[in-house]
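Structure first, then comments.
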Amino acid sequence: MRPGARVIRVDGCLAGLACLAHPAACRPRRPVRYCLLVEPASAHGRPGRWARGLLYCGLAAGPLFVTTFLAEGATRDGYRPSRHPVSSLALGPRGQVQAANFAVTGTLVLAGAAGLGHAADLALSSRAGRALIGAAGAGLIGAAVFATDPVSGYPPGTPDALTQPTRTCMIHNLAAVPVFLGLPAAAITCSRQSIRAGHRGFALYCAATATTMLATTALAGAGFNQSPRLVNHAGLFQRASIVTGFGWLTTLSALALTRASAAPAPKPST
């Protein structure tokens, strides 16, 4: 560069321009090249933060849902957690609290399923498993919209069982299927994926989750159908199923978050 030339920074590059006293020197012999500086790290960082936020939703779904229905069940007049289903909390004067609990938890579960998809950890989830978890979230939202019928004498003054279930109750029961059957199916698919990835301990936990959920759901269903031996314990069996399933979902989201944080950051391309 000749003495007296001005230096101008253009998009991070240095371009030398000759002074006006030497116009011939400022004629470029080849086209001027402009530097385009791209930071791929920012492009990779945003999806990473977005995926972690979705996984945190899946992490929070279970604790929020269980804490809310336990608190509501402990403070309702005439409600016996050991006998009555969680869905019955959506009935009565404060039923909107449990309805909101269903809706918020379902939204969080849907977000958690999407987060597992962004994490793309084959050892923790498959496309079928994520679809089943998402269906459980949709089922919870459906349970918020369509309330169940009174059962086992709650709300107080109602019969133990209606002779003919209402249409709303039938839709509610259909919405519950992806929760009480979909989550065990998702756990089974995750168990198979974990075995293939060599994580046998977690695979065993997934299989135990599926087995426990299915067994306790069957016992709860028999109790809510007024089986004499089970009717007074149906609520406990249902709560065992819910805690088992949502505990598994919390663990799954936590593992996905841990592995996503431990994964090496992508190197920026030049």
Side-chain angles (χ1 to χ4, degrees), residues 61-103 105-106 109 135-136 139-187 208-250:
L64 174 66
F65 186 63
V66 173
T67 300
T68 301
F69 76 65
L70 286 179
E72 281 294 298
T75 56
R76 294 284 187 94
D77 291 335
Y79 185 87
R80 291 170 55 188
S82 62
R83 175 181 173 90
H84 299 125
V86 171
S87 296
S88 291
L89 291 169
L91 304 174
R94 289 167 50 188
Q96 67 275 10
V97 176
Q98 180 57 34
N101 191 25
F102 278 135
T105 303
V109 171
L140 288 166
I141 296 174
V145 178
F146 301 97
T148 188
D149 287 342
V151 65
S152 298
Y154 185 86
T158 59
D160 288 340
L162 298 181
T163 56
Q164 182 65 34
T166 64
R167 181 177 300 178
T168 301
C169 178
M170 289 189 288
I171 298 175
H172 177 91
N173 291 338
L174 287 175
V177 171
V179 179
F180 291 101
L181 297 183
L183 285 180
T209 294
T211 303
T212 302
M213 277 201 76
L214 293 173
T216 51
T217 296
L219 292 170
F224 295 139
N225 286 326
Q226 307 307 302
S227 170
R229 294 183 178 181
L230 300 174
V231 65
N232 289 323
H233 307 289
L236 290 179
F237 288 127
Q238 189 193 54
R239 281 159 176 75
S241 178
I242 291 173
V243 171
T244 300
F246 279 94
W248 172 78
L249 181 60
T250 299

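For reference, positions follow the sequence shown, starting with 1.
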### Query
Taking C-beta and beyond as the side chain, do P159 and L162 meet within less than 4.5 Å on heavy atoms?
yes

### Message
If I compare all heavy atoms of A240 with all of T216, which pair ends up nearest, and what's the gap?
### Response
CB-CG2, 4.1 Å

### Task
Please round to the nearest 0.5 Å and tell me the distance separating atom CG of L236 and atom CG of L230.
11.0 Å

### Query
Is there a donor in the side chain of T75 and an acceptor in the side chain of R94, or the other way round, less than 3.5 Å apart?
yes

### Task
Would you name the heavy atoms of T250 and P63 that are closest together and state the gap between them?
OG1-CD, 3.6 Å

#### Entry: Side chain to side chain, T105 and V109, heavy atoms closer than 4.5 Å
yes

### Query
Are any of the side-chain heavy atoms of L91 and D149 separated by less than 4.5 Å?
no

### Task
Ignoring hydrogens and angles, tell me if any N or O in the side chain of N225 forms a donor-acceptor pair with the backbone of G221 under 3.5 Å.
yes

### Audit row: F69, R239, side chain to side chain contact (heavy atoms under 4.5 Å, CB included) steps and yes/no
CA-CA 10 Å; F69 76 65; R239 281 159 176 75; 3.8 Å; yes

### Task
Please work out whether the ring planes of F246 and F65 are parallel, tilted or perpendicular, with thresholds of 30° and 60°.
tilted

### Query
Considering only heavy atoms from C-beta outward, does the side chain of R80 approach that of N232 to under 4.5 Å?
yes

### Message
Classify the ring geometry of H84 against Y79: parallel below 30°, tilted from 30° to 60°, perpendicular beyond 60°.
### Response
tilted

### Task
Show your working on side chain to side chain contact (heavy atoms under 4.5 Å, CB included) between M170 and L174 and close with a plain yes or no.
CA-CA 6 Å; M170 289 189 288; L174 287 175; 5.7 Å; no

### Task
Please tell me if the side chains of M213 and W248 come closer than 4.5 Å, counting only heavy atoms from C-beta onward.
no

### Query
So, for Q238 and V86, which heavy atoms are closest and what is the spacing to 0.1 Å?
OE1-N, 2.8 Å

### Query
Less than 4.5 Å apart, any side-chain heavy atom of V151 and any of Q226?
yes

